[in-house]
There are 2 protein chains.
Amino acid sequence: MSLAFAMDDGRTARPASLLADVISRQGAPARFAANEELYAQDDQVELLFLVQRGVVRTTRLTLEGRRQVGGFYYPGDILGLETGPLHRFGAEALSEAELCVARRASVRAFAGDTELDRAVLDATRLELERAQSHMLMLGLKNARGKVGAFLLSMAGAGGPMFELAMSRQDMADYLGLTIETVSRTLSQLQNEALVEFPSARLFRLPRRDALEAFAA
Amino acid sequence: MSLAFAMDDGRTARPASLLADVISRQGAPARFAANEELYAQDDQVELLFLVQRGVVRTTRLTLEGRRQVGGFYYPGDILGLETGPLHRFGAEALSEAELCVARRASVRAFAGDTELDRAVLDATRLELERAQSHMLMLGLKNARGKVGAFLLSMAGAGGPMFELAMSRQDMADYLGLTIETVSRTLSQLQNEALVEFPSARLFRLPRRDALEAFAA
DNA sequence: CGAGGGATTGATACGTCTCAAAGCATGTGG
DNA sequence: CCACATGCTTTGAGACGTATCAATCCCTCG
């Protein structure tokens, strides 16, 4: 993509963690096509993934066919830290992605190494923080607040232009809304000049403070 | 409370964990009155709590005064494992409660003890599982599903009669609903004979399978 | 140029919230 | 023992927000 102005995916890679280091040293590189599955919901947990390029989403499907997106994972993020022996969420690449894949067992071979234990704990804490924030958003905010907060989180600290890696459907399933409500809310925010969409996946936040006032 | 039939609070104490052991050995007993605060949202994290009797709820308040209940903690549950230096949720005793309180530092004094590190990780994983389940419930279920699932989770494996430790307002703030919607939904389930409420805090589930059919 | 998939917009139905009143327990003082 | 006050719960009527179903638009790609 070539743009005449600075563009930003809104996410800078996380500060390198020890666990990320171990995975990238112990693991093997892997490439996934758009929409390719890293692992399925209810699969056995065996691997740890470090995102190096692209974006990955985690999803959970219900029996009735409803879908909840658990989160979006950017370069530097780690997938595969689970609470049980099975994956509670499946994972798919949003677009072509490069990851580093390590067997859990080979990381566990380091067990007893206090540093590494600590790194796994820290990474798990990050997951917990992510889940708690998500829970608060779903429980406390209306559509306007959800969409606004989502834009802010996708914008991060960069600027002035940001790219959305995911479709409206992904956004909707992450926010617990329908695609129509997401679209309408975005249009409404655009009418109020709180956001500009040069195209469906590209946006600017000309009044970030006004967004933060109701979506923070 | 004396009842002529078996009654159950629906929660059996969790299988003793190593971390719970350490807290109960290292810590000091503490008693809290109903509605007394264990710690406040945004307080510095310093202590670990093991519930021994009674029930504790964690809550987060927004600037606009809305409240989200993060969870309910029963005997055997541990509070105070946080993702950052500050408490993201406050904690209050629902009714008179006995806890065991240990300084984080004195638990950390065991650091390097691989077993203990592992125990902290496991406890953090439990929190993660709790938060993820909560997130899924908020994102995927309607009022009927939320209330039904809540009753099932409060009932646990015991039976046939269960006690609710929390008010309708606590339930509502946990489920992301209003107190009126919770009350109406409970009345509706009662009309369908999916639940019986001899009193507001006591209930029976005569057709648990029928509940599970839509609330699982 | 036409086909296809994602996104937007419109009309309407439905679910949940809001505001208000009534019901029901529990405890207190007369 | 009754009368009342208090707090929690339930019920009702109407407003509001989001979902649903359907049509149109837009962009990309062949």
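Lettering follows sequence order; numbering is per chain, from 1. None of the values given here were measured: they were computed from a predicted structure.
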- Message: Please report the interatomic distance CG(Leu86(A)) to CD(Glu82(A)), rounded to the nearest 0.5 Å.
- Response: 9.0 Å

- Return the set of residues passing side-chain hydrogen bond (donor to acceptor under 3.5 Å, both in side chains) with Arg53(A) (not counting sequence neighbours), or none when no residue passes. Glu96(A), Glu98(A)

- Message: By the definition ring pair (Phe, Tyr, Trp, His ring centres under 6.0 Å), identify the one residue from Tyr174(B), Phe89(B), Phe72(B) that meets it with His134(B).
- Response: Tyr174(B)

- Note on the structure: 5'-most to 3'-most nt of DNA chain C touching chain A (<4.0 Å, heavy-atom partner on protein side) reads dA7(C) to dA11(C)

Donor-acceptor contacts under 3.5 Å from residues 208-216 of chain B side chains, at least two apart:
| residue | atom | partner | partner atom | Å |
| --- | --- | --- | --- | --- |
| Arg208(B) | NH1 | Gly156(B) | O | 2.6 |
| Arg208(B) | NH2 | Gly158(B) | O | 3.4 |

- If you look at every strand shown and take non-hydrogen atoms under 4.0 Å, does Ser187(A) touch a base, only sugar-phosphate, or nothing? sugar-phosphate

- Note on the structure: Contacts satisfying side-chain hydrogen bond (donor to acceptor under 3.5 Å, both in side chains) that involve residues 32-42 of chain B (not counting sequence neighbours) are none

- Item | Distance (rounded to the nearest 0.5 Å) between Arg104(B) CZ and Glu46(B) CD | 10.0 Å

- Nucleotide by nucleotide, 5' to 3', does protein get under 4.0 Å of the base (B), only the sugar-phosphate (S), or neither (-) in nucleotides 21-30 of chain D, counting heavy atoms? B---------

- Arg125(A): partners by salt bridge (Lys or Arg N to Asp or Glu O under 4.0 Å), with sequence neighbours left out: Asp122(A)

- Message: Using the salt bridge (Lys or Arg N to Asp or Glu O under 4.0 Å) criterion, which residues pair with Asp170(A)? Sequence neighbours excluded.
- Response: Arg57(A), Arg67(A)

- List for me each residue that meets salt bridge (Lys or Arg N to Asp or Glu O under 4.0 Å) alongside Arg130(A), sequence neighbours excluded, and say none if there are none. Asp77(A), Glu127(A)

- Item | d(CD1, Ile179(B); C1', dT11(D)) in whole Å | 13 Å

- Listed by chain and number, what are the ring pair (Phe, Tyr, Trp, His ring centres under 6.0 Å) partners of Phe197(B), not counting sequence neighbours? Phe203(B)

- Query: What parts of residues 134-145 of chain A reach DNA chain D, counting only heavy atoms under 4.0 Å away?
  - Reply: Asn142(A), Ala143(A)

- Inter- and intrachain pairs under salt bridge (charged side-chain N to carboxylate O under 4.0 Å, His left out), touching residues 141-158 of chain B, at least two apart: Arg144(B)-Glu192(B)

- Item | Residue-level proximity of residues 164-178 of chain A to DNA chain D when a heavy atom falls under 4.0 Å | Gly176(A), Leu177(A), Thr178(A)

- Item | Whether Ser183(A) side chain and Ile179(A) backbone form a donor-acceptor pair below 3.5 Å | no

- Value in whole Å for how far the C1' atom of dT18(D) lies from CD of Gln188(A): 12 Å

- Task: Examine distances only and state if a side-chain atom of Arg204(B) and a backbone atom of Glu196(B) form a donor-acceptor pair shorter than 3.5 Å.
- Result: no

